[in-house]
Amino acid sequence: MIILTLLFSLCGCSTTVTDSNNLDTQKTNIDNDVSNITCNETLEKEISCTITTKGDYNKLALSFEQLLEDADLILKIKVKDTNAFVNDNGMIQTAITPTVLDVYKGVYNNEILYVNGGEMLYDEFIQNEITKKAISGHENPDGDEQYKGTYVRQIVDQQYIFNRGEEYIFFAQKRIDSGKYYSLYAYQGTFKIDNEMVKNSALNGEELLEKDICDIFNISSDVQNKKTSNLTSTVDFEFQIPEEEFVEKINNLK
């Protein structure tokens, strides 16, 4: 499909994060790899196009304790609603309206939470003013009727796509430039709860944060080694920590 290939070749996407050490607004560059854009004629769950994106971050947490220290809010949430949009740099992000089940750090005042990536209607995505400007003069000569009513999905660093009804432990940081609460250090700050087990499949076996989490919760090195060997594919092995134990450690370390 010509139109999306041209779009993400022309569009340099970035997002803004806050460095808690100096409280200055920092920039995180997102390099879109066109080879990772797949458009399917046969739709699965109404997703016609998937974009996988890797970020180049100026700072990430090196330990679980650092993740706790740098968070302004630590919440247990159930996703009530989501609204995906294209940010000023052409990347899909998602605004999450949460039902807050517990607050482990900070004071929650009905804030909307934000994450990189998400799913939005192709029709809205392609008509977004930023998108239209990026592809002006390079439109698909065959038209885009076949994709109307379907969805575009963007996955950034394997961070979860948030859906209604799902539960997470969400580490958030307030951005100085916008005052909005984004997941802390992007993918590092979102831990999914499934059957009373906590996991974060975006972390990989070579990352210091994951190594520290595995050490703290006595997760076997065999699991870490299997994850490391699968870094180039979808992660089949991930740590799973009992929710009660995970929350207890948060309360003890914060």
Side-chain angles (χ1 to χ4, degrees), residues 1-17 27-57 79-98 112-166 168 170 178 180 182-183 186-187 189-190 192 201-202 232-235:
M1 181 181 178
I2 297 173
I3 193 168
L4 282 184
T5 300
L6 288 170
L7 167 62
F8 288 101
S9 297
L10 293 169
C11 175
C13 297
S14 67
T15 188
T16 307
V17 297
K27 295 290 183 181
T28 297
N29 294 320
I30 303 293
D31 296 322
N32 286 298
D33 184 351
V34 175
S35 65
N36 286 329
I37 300 177
T38 57
C39 295
N40 306 311
E41 297 286 348
T42 303
L43 304 181
E44 180 181 358
K45 296 182 179 179
E46 299 298 322
I47 303 295
S48 58
C49 295
T50 297
I51 308 159
T52 57
T53 307
K54 293 184 178 180
D56 181 18
Y57 300 100
V79 179
K80 182 178 180 180
D81 202 4
T82 63
N83 180 36
F85 60 95
V86 178
N87 71 1
D88 291 342
N89 299 291
M91 183 173 70
I92 296 177
Q93 295 185 322
T94 300
I96 301 162
T97 302
I112 299 296
L113 306 175
Y114 294 85
V115 293
N116 293 331
E119 297 172 350
M120 64 186 303
L121 277 169
Y122 176 86
D123 314 54
E124 296 176 3
F125 176 77
I126 213 66
Q127 290 300 319
N128 179 275
E129 291 302 317
I130 299 168
T131 305
K132 288 169 67 175
K133 183 177 179 180
I135 66 171
S136 179
H138 303 277
E139 289 82 356
N140 181 8
D142 298 325
D144 56 3
E145 292 296 324
Q146 61 181 317
Y147 297 103
K148 286 186 179 296
T150 66
Y151 284 79
V152 176
R153 171 187 290 159
Q154 184 165 13
I155 302 171
V156 183
D157 286 317
Q158 299 302 315
Q159 186 168 17
Y160 294 112
I161 300 295
F162 281 63
N163 297 293
R164 292 178 185 176
E166 295 175 341
Y168 291 85
F170 196 103
S178 66
K180 295 178 179 179
Y182 274 77
S183 57
Y187 64 92
T190 51
K192 191 172 185 178
S201 61
T232 57
S233 62
T234 302
V235 176

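Predicted model, so just to flag it, every value in this text is computed and none were measured.
Counting heavy atoms from C-beta outward, Lys80 and Arg164 have side chains that stay 4.5 Å or more apart. Annotation: side chain of Phe170 is in contact with side chain of Val115 (closest heavy-atom distance under 4.5 Å). Counting heavy atoms from C-beta outward, Ile155 and Thr53 have side chains that stay 4.5 Å or more apart. With contacts defined as side-chain heavy-atom distances shorter than 4.5 Å, the pair Ile112/Lys180 does not qualify.
Note that CD of Gln154 and CD1 of Ile51 are 5.0 Å apart. Values are rounded to the nearest 0.5 Å. Taking OG of Ser48 as the start and OH of Tyr122 as the end, the distance is 7.5 Å to the nearest 0.5 Å. Note that CG of Leu113 and OG1 of Thr190 are 11.0 Å apart. Values are rounded to the nearest 0.5 Å. Here OG1 of Thr150 is found 11.0 Å from CD of Glu119. Values are rounded to the nearest 0.5 Å. Atom CD1 in Ile130 sits 7.5 Å away from atom CG in Asn89 (nearest 0.5 Å). One distance of note links CD1 of Ile126 with NZ of Lys148; it measures 9.5 Å at 0.5 Å rounding.
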Side chain to side chain donor-acceptor pair (under 3.5 Å) between Asn116 and Gln93, intermediate numbers included: CA-CA 4 Å; Asn116 293 331; Gln93 295 185 322; 2.8 Å; yes

Full working for side chain to side chain contact (heavy atoms under 4.5 Å, CB included) between Val86 and Phe125: CA-CA 7 Å; Val86 178; Phe125 176 77; 3.9 Å; yes

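Side-chain N/O atoms of Gln158 and Ser201 include no donor and acceptor closer than 3.5 Å. Side-chain contact, Tyr160 with Glu166: no donor N or O sits under 3.5 Å from an acceptor N or O.
When all heavy atoms of Tyr147 and Asp123 are compared, the closest pair comes out as O-OD1, 4.4 Å. Across all non-hydrogen atoms, the minimal contact from Ser183 to Gln159 is OG-NE2, 3.2 Å. Minimum interatomic distance between Gly118 and Ile161 (heavy atoms only, all atoms of both residues): N-CD1, 3.6 Å. Val156 and Gly117 get closest at one heavy-atom pair: CG2-N, 3.8 Å.
Taking the six-membered ring for Trp and the full ring otherwise, Tyr168 and Phe162 have centroids separated by under 6.0 Å.
The pair Lys54-Asp157 fails the salt-bridge criterion, with no side-chain N (NZ, NE, NH1 or NH2) lying under 4.0 Å from an Asp/Glu carboxylate O.
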